[in-house]
Amino acid sequence: MARRSNARFGNADYGIWYRFAAVLVKPVTNALAKADWRGWEHLPRESGFIAAVNHNSVIDPVFYAHWQYNSGRPPRILAKSSLFSVPFIGFMLRKTGQIPVFRESTDAAEAFRAAIDAVNAGQCVQFYPEGTLTRDPELWPMTGKSGAARVALMTGAPVIPVAHWGAHEIIPPYGKGKGKYRLFPRHRVVVAAGPAVDLSRYQGQELTAQVLREATDDIMAAITAVLEDVRGEQAPKERYDMRRAAKDRAAAAQAKRERAAEEGGR
């Protein structure tokens, strides 16, 4: 059963603003989808934790926020800083204590520090470890970035893997599909959590690039396992890697140019 949140973030009480946001958002999500919420038993009742979530639709955050709010542990979500400049949306993001992410700037570390402070204060902080919508052709989780692993290993807080599935049927990623928006009929949207990721073997180790990479791989594997259960399918053995794919495309393009030059010189 859903529990009402009376959570406090730092020295400010955001309960009122979260309830106001819920009044606005819940009717929308309920109209768009048949919600299937699972796995709240895996969430810590009081201590701080990290929710690591896959990402396959631009409206994932709305359904995730609904699921997390109903669990009784409303989240602090790392959101693109540009959203904080959008009228009303930015106001609500600030009032509900969300964390702006300043990419490619001198302020980029602020989100990282804010996430650590929030977890240490006993809050739920949500990460999309992939950093963007998945490029995997079948929408499986890609390789991840190390932010969630770094915060987990620095704070000792558990990482809870969370899987989305179904929101991509409403708004496909990158405008794929016959139409950009498919609002009706209502689609089933699943948000499910699994057991905390076992990162015990990394505790006490120096946070080298290799340690963070391996811990991140463990987190992505746990998210994928939850999604496999939700989808009733098996993910590919090799996770999609955006950097590797970009290098492969560049190599293929170079090879094509070389073949064209060779043929043109005959």
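- No side-chain heavy atom of Val125 sits less than 4.5 Å from a side-chain heavy atom of Val151.
- The hydrophobic cluster containing Ile116 also contains Ile219, counting ILVMFWY residues as joined when their side-chain heavy atoms lie under 4.5 angstrom apart, directly or transitively.
- Contact detail for Leu93 and Phe84: the closest heavy-atom pair is CB-CE2, 3.6 Å.
- Criterion: ILVMFWY side-chain heavy atoms under 4.5 Å apart, direct or through other members. Under it, Val28 and Trp37 are part of a common hydrophobic cluster.
- The shortest side-chain heavy-atom distance between Gln123 and Phe49 does not fall under the 4.5 Å cut-off.
- When side chains are defined from C-beta on, Val190 counts as touching Arg38, because their heavy atoms get closer than 4.5 Å.
- Looking only at side-chain heavy atoms (C-beta outward), Asp218 and Val159 stay at 4.5 Å or farther from each other.
- For the atom pair CD1 (Ile171) and NE2 (His187), the distance works out to 10.5 Å, reported to the nearest 0.5 Å.
- Of the possible polar contacts, one joining the Glu130 side chain to the His55 backbone as a donor-acceptor pair under 3.5 Å is found.
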Quiz prompt | Verdict with supporting geometry, Asp60 and Val53, side chain to side chain contact (heavy atoms under 4.5 Å, CB included) | solution = CA-CA 9 Å; Asp60 285 343; Val53 193; over 6 Å; no

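- From Asp217, atom CG reaches atom OG of Ser146 across 11.0 Å, with rounding to the nearest 0.5 Å.
- Under the side-chain contact (heavy atoms from CB on, under 4.5 Å) criterion, Ala65 pairs with Ile77, not counting sequence neighbours.
- Taking the salt bridge (charged side-chain N to carboxylate O under 4.0 Å, His left out) definition, one finds that Arg239 meets it with nothing, sequence neighbours left out.
- Considering only residues two or more places apart in sequence or on other chains, Glu233 meets the salt bridge (charged side-chain N to carboxylate O under 4.0 Å, His left out) condition with Arg231.
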Exercise. Please lay out, stage by stage, how Gln68 and Gln126 fare under the test side chain to side chain contact (heavy atoms under 4.5 Å, CB included).
Key: CA-CA 10 Å; Gln68 189 69 67; Gln126 183 259 356; over 6 Å; no

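- In this structure Asp241 satisfies the salt bridge (charged side-chain N to carboxylate O under 4.0 Å, His left out) test together with Arg244, sequence neighbours excluded.
- Remark: Val25 engages Thr29, Val62 in a side-chain contact (heavy atoms from CB on, under 4.5 Å) (not counting sequence neighbours).
- Between Met154 and Phe112 there is a side-chain heavy-atom pair separated by less than 4.5 Å.
- Hydrophobic cluster membership differs between Ile223 and Tyr240, with clusters built from Ile, Leu, Val, Met, Phe, Trp and Tyr side chains linked at under 4.5 angstrom.
- Rounding to the nearest 0.5 Å places CG of Asn120 at 6.0 Å from OG1 of Thr155.
- Annotation: ring pair (Phe, Tyr, Trp, His ring centres under 6.0 Å) contacts of Trp165 (sequence neighbours excluded): His168.
- The minimum heavy-atom distance linking Ala193 with Leu43 is given by the pair CB-CD2, 4.5 Å.
- For the pair Leu153 and Leu199, the minimum side-chain heavy-atom distance is below 4.5 Å.
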Solution key, residues 203-210 side-chain donor-acceptor pairs under 3.5 Å, sequence neighbours excluded:
unit_1 : atom_1 : unit_2 : atom_2 : d
Gln205 : NE2    : Arg201 : O      : 2.6
Thr208 : OG1    : Val211 : N      : 3.2
Gln210 : NE2    : Glu214 : OE2    : 3.0

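- The closest side-chain donor-acceptor pair between Gln98 and Arg76, if any, does not fall under 3.5 angstrom.
- Contact detail for Leu133 and Ser57: the closest heavy-atom pair is CD2-N, 3.2 Å.
- Distance check, rounded to the nearest 0.5 Å: NE2 of His42 to OG of Ser71 gives 13.0 Å.
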Exercise. Go through Asp136 and Thr134 one step at a time and tell me if the side chain to side chain donor-acceptor pair (under 3.5 Å) criterion holds.
Key: CA-CA 5 Å; Asp136 182 89; Thr134 182; 5.3 Å; no

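- Two different hydrophobic clusters hold Leu83 and Val58 under the rule that ILVMFWY side chains link at heavy-atom gaps under 4.5 Å.
- Across all their heavy atoms, Pro141 and Asn54 have their closest contact at CG-CB, 4.1 Å.
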Exercise. Begin with the C-alpha distance, continue with both residues' side-chain angles, and end with the deciding distance and a verdict on salt bridge (charged side-chain N to carboxylate O under 4.0 Å, His left out) for Lys34 and Asp36.
Key: CA-CA 7 Å; Lys34 302 172 184 177; Asp36 185 349; over 6 Å; no

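- Hydrophobic clustering places Tyr202 together with Val119 (ILVMFWY residues linked when any side-chain heavy atoms are closer than 4.5 Å, directly or through intermediates).
- Scanning both residues, Ala235 and Thr224, for their nearest heavy atoms gives CB-CG2, 3.5 Å.
- For the residue pair Phe63 and Ala33, the shortest heavy atom distance occurs at CE2-CB, 3.7 Å.
- Not a single ring pair (Phe, Tyr, Trp, His ring centres under 6.0 Å) links Phe20 to another residue, sequence neighbours left out.
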Self-check item: Derivation of the side chain to side chain contact (heavy atoms under 4.5 Å, CB included) call for Lys80 and Val101
Solution: CA-CA 5 Å; Lys80 291 188 296 186; Val101 177; 5.8 Å; no

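- Rounded to the nearest 0.5 Å, atoms CZ (Arg45) and CZ (Arg73) are 10.5 Å apart.
- For Arg186, there are no salt bridge (charged side-chain N to carboxylate O under 4.0 Å, His left out) partners, not counting sequence neighbours.
- Between Trp40 and Trp67, the ring planes lie tilted relative to each other; the angle falls in the 30° to 60° range.
- Rounding to the nearest 0.5 angstrom, the gap separating the CG atom in Asn56 from the CD atom in Glu169 is 9.5 Å.
- In the displayed structure, Gln254 atom CD is contacted under 6.0 Å by more than 12 heavy atoms of other residues, nucleotides or ligands.
- Side-chain contact between Tyr69 and Tyr64: absent, with no pair of heavy atoms (C-beta onward) separated by less than 4.5 Å.
- In this view, Phe127 satisfies the ring pair (Phe, Tyr, Trp, His ring centres under 6.0 Å) rule with no residue, not counting sequence neighbours.
- Shown here are the ring pair (Phe, Tyr, Trp, His ring centres under 6.0 Å) partners of His164, two or more places apart in sequence or in another chain: there are none.
- Applying the salt bridge (Lys or Arg N to Asp or Glu O under 4.0 Å) test to residues at least two apart or on different chains, none of the pairs has a partner in residues 137-154.
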